[in-house]
Amino acid sequence: MGILNKLFGNTKKPEGFWGKLMVDGMNRGHAPLADWGMSFFGDIRPKAILDCGCGGGRNVAELLKRYPQAEVTGLDYSEVSVKKSQEVNADAVQNGRCRIVQGGVFMVVNEVDGKNKADEKWTTIIDGMKIYGKEELERFLRDAGFTRIETYRNEGKHWLTVRAVK
């Protein structure tokens with residue numbers, strides 16, 4: 001495997017030496033894009049912010065700067081990313097304004113399972129609502145890199161729980 005393959009192979013879930021290089025590069029390279037996106041937040045005054053997929057923590061740092069009244073939580077499933085984000089935001093982590101966590105378990109608890117035709121009424125009542133069934137949710141989670149996926153259904157009530165572990 002060539003050097004570029006080792007480096008760019010770490011874009012999905014940075015690991016090891018090459019992952020550390022990738023996270024550093026992402027912090028620098030994505031800054032203009034992230035700042036441009038944040039410019040559309042408008043005049044908001046959040047008390048809490050969650051950065052899902054916080055990578056190397058550069059955007060967490062920017063959010064802390066832009067919103068000094070907010071507590072910011074960064075979440076990533078890469079151990080390398082979490083460590084880097086904790087380093088970049090060490091002062092805010094130390095003073096309790098920021099938490100950086102590694103998400104390892106994800107769970108969906110749904111009152112509908114996609115098997116009951118009567119539940120489709122919700123898609124007409126709630127604009128933009130979509131009901132995802134077991135197969136779709138499992139596929140989404142596998143595509144996101146979860147490795148153990150367990151599904152539980154309450155047949156009588158058409159409830160669905162999907163638990164996924166990285």
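All heavy atoms count here, side chains included; hydrogens, waters and symmetry mates do not. We're numbering straight along the sequence, starting at 1.
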What closest approach, in Å, do [X] and [Y] show between heavy atoms, and which atom pair accounts for it?
| X | Y | answer |
| --- | --- | --- |
| Thr123 | Lys130 | CG2-CA, 4.4 Å |
| Ala92 | Leu64 | CB-CD1, 3.5 Å |
| Ser78 | Pro14 | OG-O, 2.6 Å |
| Gly56 | Val23 | CA-CG1, 3.2 Å |
| Gly55 | Asp76 | N-OD2, 2.8 Å |
| Arg163 | Val165 | NH1-CG2, 3.7 Å |

Within a reach of under 6.0 Å around CD of Gln69, are more than 12 heavy atoms found that belong to other residues, nucleotides or ligands?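 Yes, because the 6.0 Å sphere around CD of Gln69 holds more than 12 heavy atoms from other groups.
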Would you say CD of Glu79 has more than 12 non-hydrogen atoms from neighbouring residues, nucleotides or ligands within 6.0 angstrom?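 Check fails, neighbour count at 12 or below.
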Give, for atom [atom1] of [X] and atom [atom2] of [Y], the distance between the pair rounded to the nearest 0.5 Å.
| X | Y | atom1 | atom2 | answer |
| --- | --- | --- | --- | --- |
| Leu75 | Cys54 | CG | SG | 6.5 Å |
| Met107 | Leu141 | CE | CG | 12.0 Å |
| Asp119 | Glu111 | CG | CD | 7.5 Å |
| Asn110 | Leu137 | CG | CG | 6.5 Å |
| Phe140 | Ile149 | CZ | CD1 | 12.0 Å |
| Asn27 | Ser85 | CG | OG | 8.0 Å |

Give every donor-acceptor pair under 3.5 Å between a side-chain atom in residues 29-51 and any protein atom, sequence neighbours left out.
from  : atom 1 : to    : atom 2 : distance (Å)
Asp35 : OD1    : Arg58 : NH1    : 2.9
Asp35 : OD1    : Arg58 : NH2    : 2.9
Asp35 : OD2    : Arg58 : NH2    : 2.7
Ser39 : OG     : Trp36 : O      : 2.5

Please evaluate residues Asp113 and Lys134 with respect to the criterion side-chain contact (heavy atoms from CB on, under 4.5 Å), reporting the C-alpha separation (whole Å), side-chain torsions for both, the decisive distance (0.1 Å), and the verdict. CA-CA 7 Å; Asp113 65 0; Lys134 170 187 179 296; over 6 Å; no
Shared hydrophobic cluster for [X] and [Y] (ILVMFWY, side-chain gaps under 4.5 Å):
| X | Y | result |
| --- | --- | --- |
| Tyr132 | Val112 | no |
| Val88 | Val80 | no |
| Ile125 | Met129 | yes |
| Val105 | Val101 | no |

Are the side chains of [Y] and [X] in contact, using a 4.5 Å heavy-atom criterion?
| X | Y | answer |
| --- | --- | --- |
| Arg153 | Leu160 | yes |
| Val72 | Asn89 | no |
| Lys20 | Lys84 | no |

With a 3.5 Å distance limit and no angle check, can you tell me whether Glu138 reaches the backbone of Glu135 through a side-chain donor-acceptor pair?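 Between the backbone of Glu135 and the side chain of Glu138 there is no qualifying donor-acceptor contact (under 3.5 Å).
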Salt bridge check, Lys83 against Glu87: does any charged N sit closer than 4.0 Å to a carboxylate O?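 Salt bridge flag = no for Lys83 with Glu87.
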